[in-house]
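Lettering of chains follows the sequences in order, A, B, ..., and the numbering in each one begins at 1. In what follows, every heavy atom counts, from backbone to side chain, and hydrogens, waters and symmetry copies are set aside.
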Amino acid sequence: MALALIDWAAPADRVARDLIGALLLVDGVGGRIVETEAYDMQDPASHSFSGPTARNATMFGPPGRVYVYRSYGMHWCMNVACREAGHGAGVLIRAVEPTVGLDVMRARRGVQAPRLLCAGPGRLCQALAVTREHDGLPVQAAPFSLQPADGPVAVVTGPRIGISKATDVPWRFGLAGSGFVSRPFPASRST
DNA sequence: CTTAGGATCGCCT
DNA sequence: GGCGATCCTAAGC
């Protein structure tokens, strides 16, 4: 049977949806992706909106590379670039259901509850030990491991979190019914 | 359960 | 100089 693959050249919202349910590991630690957000160059909320800069260079590079940036001066956030180079498109990984390496993640995070280990982009990077050193690396090679869901996944959508522009764009994607998302989704239809 | 404030600093105007 | 694609804690209802 055919192995499911992510089409990294697809638009950000497509990739964001396809990543829901995928197994993401960094050095053998991680779990199932349950929440993502899409960004692209036409989008005022995106880091890439005003064109290439030193920080967002990876977003404008080849698709499938990990874009890591520092948030609020203290957290790391992890994205994967998509579309062709130059498009400034990417998907923010916002939450993972921790399944592999629970104790390692607990130690890194300093909390016990699985629910709080990877629920949010900053928490996720702390639990998986993702830092600026990972910026620009291909997500399909070590230390990363990404295995797409091999079956149908029920996905819910909603407005993105923590932005002040384009707040009406429904480019937040989540695994329907998951208790590991960073925040509940407003009532929305599954697709 | 909801809201408010602070921490903390790199990036862009 | 201002502002975040955030998180934590404490206090209010």
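- Set against C:dC7, C:dA5, C:dG4, the side chain of A:R123 has C:dC7 as its closest nucleotide.
- Each of A:K165 and A:Q126 was assigned the nucleotide of DNA chain C with the nearest heavy atom; the assignment lying further toward the 5' end belongs to A:K165.
- When DNA chain B is scanned in the 5' to 3' direction for atoms under 4.0 Å from non-hydrogen atoms of chain A, the outermost contacting nucleotides are B:dA7 to B:dC12.
- As a whole-Å value, the separation of A:I163 CD1 from C:dG4 P is 11 Å.
- Within 6.0 Å of atom CZ in A:R70, more than 12 heavy atoms from other residues, nucleotides or ligands are found, so the atom counts as buried in its surroundings.
- One finds the CD atom of A:E35 at 12.0 Å from the SG atom of A:C118 (value rounded to the nearest 0.5 Å).
- Here the side chain of A:N56 pairs a donor or acceptor atom with the backbone of A:T53 at under 3.5 angstrom.
- Checking side-chain atoms of A:R106 against main-chain N and O of A:Q112 turns up a donor-acceptor pair under 3.5 Å.
- For the segment residues 91-121 of chain A, the set of residues with a heavy atom within less than 4.0 Å of an atom of DNA chain B is empty.
- Residues A:R109 and A:Q126 have side chains that bring a donor and an acceptor to within less than 3.5 angstrom of each other.
- Connection of A:L117 to A:W76 is established within a shared hydrophobic cluster, with ILVMFWY side chains joined at heavy-atom distances below 4.5 Å, either directly or through further cluster members.
- Between the CE atom of A:M74 and the P atom of C:dA5 there is a distance of 13 Å, rounded to whole Å.
- Residue A:E35 contributes atom CD, which lies 13 Å from atom C1' of C:dT6 at whole-angstrom precision.
- Side-chain contact annotation: A:S178 with A:E97, donor-acceptor N/O pair under 3.5 Å absent.
- Dashed line: the shortest gap from a side-chain N or O of A:H47 to OP1 or OP2 of C:dA5 is under 4.0 Å.
- One can place OH of A:Y72 at 12 Å from C1' of C:dG2, the figure rounded to the nearest angstrom.
- If you take CG of A:N56 and C1' of C:dG4, they are 15 Å apart, rounded to a whole angstrom.
- With A:D13 contributing its side chain and A:A38 its backbone, the two residues share no donor-acceptor pair below 3.5 Å.
- For A:T36 (side chain) and A:A16 (main-chain N/O), a donor-acceptor pair under 3.5 Å exists by modelled atom type.
- Note on A:M78: nothing from the nucleic acid sits closer than 4.0 angstrom, heavy atoms only.
- Where DNA chain B pairs in unbroken runs of 3 or more (Watson-Crick or G-U, both distances under 3.5 Å), the stems are B:1-7 with C:6-12, B:9-12 with C:1-4.
- Within the 3.5 Å criterion, the main-chain N or O of A:G179 finds a donor-acceptor partner in the side chain of A:R115.
- Environment of CZ in A:R160: crowded, with over 12 heavy atoms of neighbouring residues, nucleotides or ligands closer than 6.0 Å.
- Look at CG on A:D43: it is 10 Å from C1' on C:dA5, rounded to the nearest Å.
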